[in-house]
Number of protein chains: 2
Amino acid sequence: MSTAEETAGGEVQPWAEVTPDAARRLLLAAVEAFAERGYHATTTRDIAGRAGMSPAALYIHYKTKEELLHRISRIGHEKALHILRTAARGEGSPTERLADAVSSFVRWHAGGRTTARVVQYELDSLGPEARAEIVGLRKQVNAEVRGIIEDGVRTGEFDVPDVHGTTLAVLSLCIDVARWFNVNGPRTPEEIGDLYAGLVLRMVGAKDAGSRS
Amino acid sequence: MSTAEETAGGEVQPWAEVTPDAARRLLLAAVEAFAERGYHATTTRDIAGRAGMSPAALYIHYKTKEELLHRISRIGHEKALHILRTAARGEGSPTERLADAVSSFVRWHAGGRTTARVVQYELDSLGPEARAEIVGLRKQVNAEVRGIIEDGVRTGEFDVPDVHGTTLAVLSLCIDVARWFNVNGPRTPEEIGDLYAGLVLRMVGAKDAGSRS
DNA sequence: GGCAAGGGTGAGCGAGCGCTTAGCGACCTC
DNA sequence: GAGGTCGCTAAGCGCTCGCTCACCCTTGCC
């Protein structure tokens with residue numbers, strides 16, 4: 001299930017699209033710093049320092065500190081949406097597709113916790129226009145999950161009295177992994193993904209929820 | 001289920017213990033500001049302004065800005081722990097106690113979203129000693145929930161292969177309510193609490209999970 | 001009335017912030 | 001080898017930050 005973008009350490013590196021090299025190094029440094037201390041507590045001097053550059057170098061590649069966060073947030077959300085779409089629009093029953101979606105979404109939040117933290121928790125640090133764009137992406141994320149659940153209800157595989165509320169809860173459960181997951185903890189992203197897929201199948205009342213590991 | 005501390009607006013006001021009055025007004029202003037913009041993005045001038053005071057007034061009642069966050073975080077965690085303890089150590093079957101714990105815990109996160117946001121998401125803004133103290137409280141919170149689940153497994157009411165992982169997931173689900181809950185949204189804290197209690201009973205494989213609203 | 005005590009204010013300190021500007025060296029073109 | 005371009009740096013601007021300090025007003029006690 002792991003893609004070519006994953007390193008041995010498990011951290012996803014989907015930043016190949018960012019060029020030139022110096023801009024990518026700055027963006028990576030910003031992701032680390034934002035994840036560790038939060039957007040507002042991070043200084044441009046810190047970002048530039050982590051990238052091995054002077055503070056002024058940042059402004060050659062990015063207009064403002066906020067543009068850095070915006071770029072990170074957009075790329076991250078697009079990646080998350082892509083992961084969910086792949087699972088949601090794949091073949092298989094709604095049960096299989098929901099399990100696939102949850103486990104891969106959770107793996108992304110755990111394995112790429114650094115990025116996921118920035119993506120999920122620094123939304124409010126964006127300005128109004130940037131936030132509006134990101135909110136649009138989040139609605140698409142929501143729609144993908146709701147789509148699978150609706151499919152399962154239609155086929156009779158799921159028993160879900162409140163589709164909207166349950167969709168919200170499922171996504172919420174996955175997203176919060178980025179808050180508590182610890183790389184040095186006892187569980188791998190894969191283990192959390194499997195555990196959560198099973199829990200979510202139970203939440204939607206899937207017929208064979210118990211039969212999965 | 002609502003306590004005397006709840007106002008008509010649904011926002012909990014457990015700050016009666018903070019005296020004198022000026023100190024409480026400052027703390028309340030800080031809770032609002034931290035919840036809206038985050039600890040690091042909030043200025044002491046903003047806090048004092050919301051409380052109708054000059055910037056210097058803050059330092060009569062609190063040594064630093066961080067002490068404000070520490071006090072808020074401790075009081076909030078103690079309140080959350082008290083809510084969970086009341087449900088966990090009440091009478092009734094594990095199923096009833098778990099449903100009670102989840103619904104009241106969720107109600108607190110939704111209804112007192114302002115406070116809950118600060119309590120749950122600004123932990124990393126505390127210094128090492130203050131954070132260590134709060135982490136201790138969080139472990140007690142975790143233990144209460146795990147205790148109920150273990151009871152349910154023992155009586156055979158629950159079917160939980162991974163007690164620690166499921167405990168983590170249940171708490172995570174409840175806590176994340178503080179991130180997304182919207183006071184102007186379509187659902188009341190009570191509705192979310194009931195919905196989540198039902199979902200959690202399904203997660204632990206409770207026998208009568210489906211029979212609850 | 002005298003006066004200490006405590007809650008409050010206006011002004012401002014030193015530091016660090018996001019960001020700008022002038023200029024430098026490596027490289028390409030001809 | 002002269003000149004232009006690009007990526008980058010050293011220095012620093014204007015501003016706001018957390019926090020302090022000298023002073024003031026109200027209150028209660030004798």
Side-chain angles (χ1 to χ4, degrees), chain A residues 15-73 118 122-131, chain B residues 15-73 118 122-131:
Chain A
W15 308 113
E17 62 208 277
V18 181
T19 55
D21 182 71
R24 181 170 51 248
R25 277 189 295 132
L26 282 164
L27 193 131
L28 232 114
V31 169
E32 274 180 32
F34 291 162
E36 266 179 38
R37 313 142 87 99
Y39 174 77
H40 287 294
T42 300
T43 71
T44 55
R45 285 163 176 82
D46 182 22
I47 297 169
R50 284 173 193 249
M53 292 167 160
S54 77
L58 197 152
Y59 294 92
I60 295 162
H61 300 283
Y62 302 96
K63 236 176 64 184
T64 62
K65 177 179 151 188
E66 198 201 316
E67 193 196 324
L68 257 171
L69 177 60
H70 186 190
R71 289 266 268 267
I72 292 167
S73 196
V118 179
E122 297 293 347
L123 181 64
D124 290 342
S125 302
L126 288 170
E129 327 82 33
R131 181 159 66 240
Chain B
W15 309 113
E17 63 209 276
V18 182
T19 55
D21 183 70
R24 181 171 49 249
R25 277 190 294 133
L26 281 165
L27 193 131
L28 234 116
V31 169
E32 275 180 32
F34 291 162
E36 267 179 35
R37 313 142 88 97
Y39 174 77
H40 287 294
T42 299
T43 70
T44 55
R45 285 164 175 82
D46 183 23
I47 297 169
R50 284 173 194 248
M53 291 168 161
S54 77
L58 197 151
Y59 294 91
I60 295 164
H61 301 283
Y62 302 95
K63 236 176 63 182
T64 61
K65 177 179 153 188
E66 197 201 315
E67 193 197 323
L68 257 171
L69 177 60
H70 185 190
R71 290 267 267 266
I72 293 167
S73 197
V118 180
E122 297 293 347
L123 181 64
D124 290 342
S125 302
L126 287 169
E129 327 82 33
R131 181 158 67 240

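In this text, all values refer to a predicted model and were calculated from it rather than measured experimentally. Chain letters run A, B, ... following the sequence lines, proteins first, then strands; residues in each count from 1.
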Within this structure, what is the [atom1]-[atom2] distance for the pair [X] and [Y], rounded to the nearest 0.5 Å?
X: A:Y39; Y: A:S73; atom1: OH; atom2: OG; value: 11.5 Å
X: A:L68; Y: A:K63; atom1: CG; atom2: NZ; value: 13.0 Å
X: A:R71; Y: A:W15; atom1: CZ; atom2: CH2; value: 10.5 Å
X: B:E32; Y: B:I47; atom1: CD; atom2: CD1; value: 11.0 Å

Legend entry - Nucleotide-resolved protein contact map, nucleotides 20-29 of chain D, B/S/- at heavy-atom distance under 4.0 Å: BB--------
Between atom [atom1] in [X] and atom [atom2] in [N], what is the gap in whole Å?
X: B:E67; N: D:dG18; atom1: CD; atom2: P; answer: 15 Å
X: A:L58; N: C:dC17; atom1: CG; atom2: C1'; answer: 13 Å
X: A:E66; N: C:dC17; atom1: CD; atom2: C1'; answer: 16 Å
X: A:R37; N: C:dC17; atom1: CZ; atom2: P; answer: 9 Å
X: B:K65; N: C:dA15; atom1: NZ; atom2: P; answer: 19 Å
X: B:L26; N: C:dT9; atom1: CG; atom2: C1'; answer: 14 Å
X: A:D21; N: D:dG7; atom1: CG; atom2: P; answer: 12 Å

Inset, instruction - For the pair B:E122 (side chain) and B:L69 (backbone), establish whether a donor and an acceptor sit closer than 3.5 Å, ignoring hydrogens and angles. - result: no
Taking the side chain as every heavy atom from C-beta outward, state whether [X] and [Y] have any pair of such atoms under 4.5 Å apart.
X: A:R131; Y: A:L123; value: yes
X: B:H40; Y: B:S125; value: yes
X: A:M53; Y: A:L58; value: no

Inset, instruction - Go through residues 40-53 of chain A and report each residue with a non-hydrogen atom lying under 4.0 Å from DNA chain C, sorted by number. - result: A:T42, A:T43, A:T44, A:R45
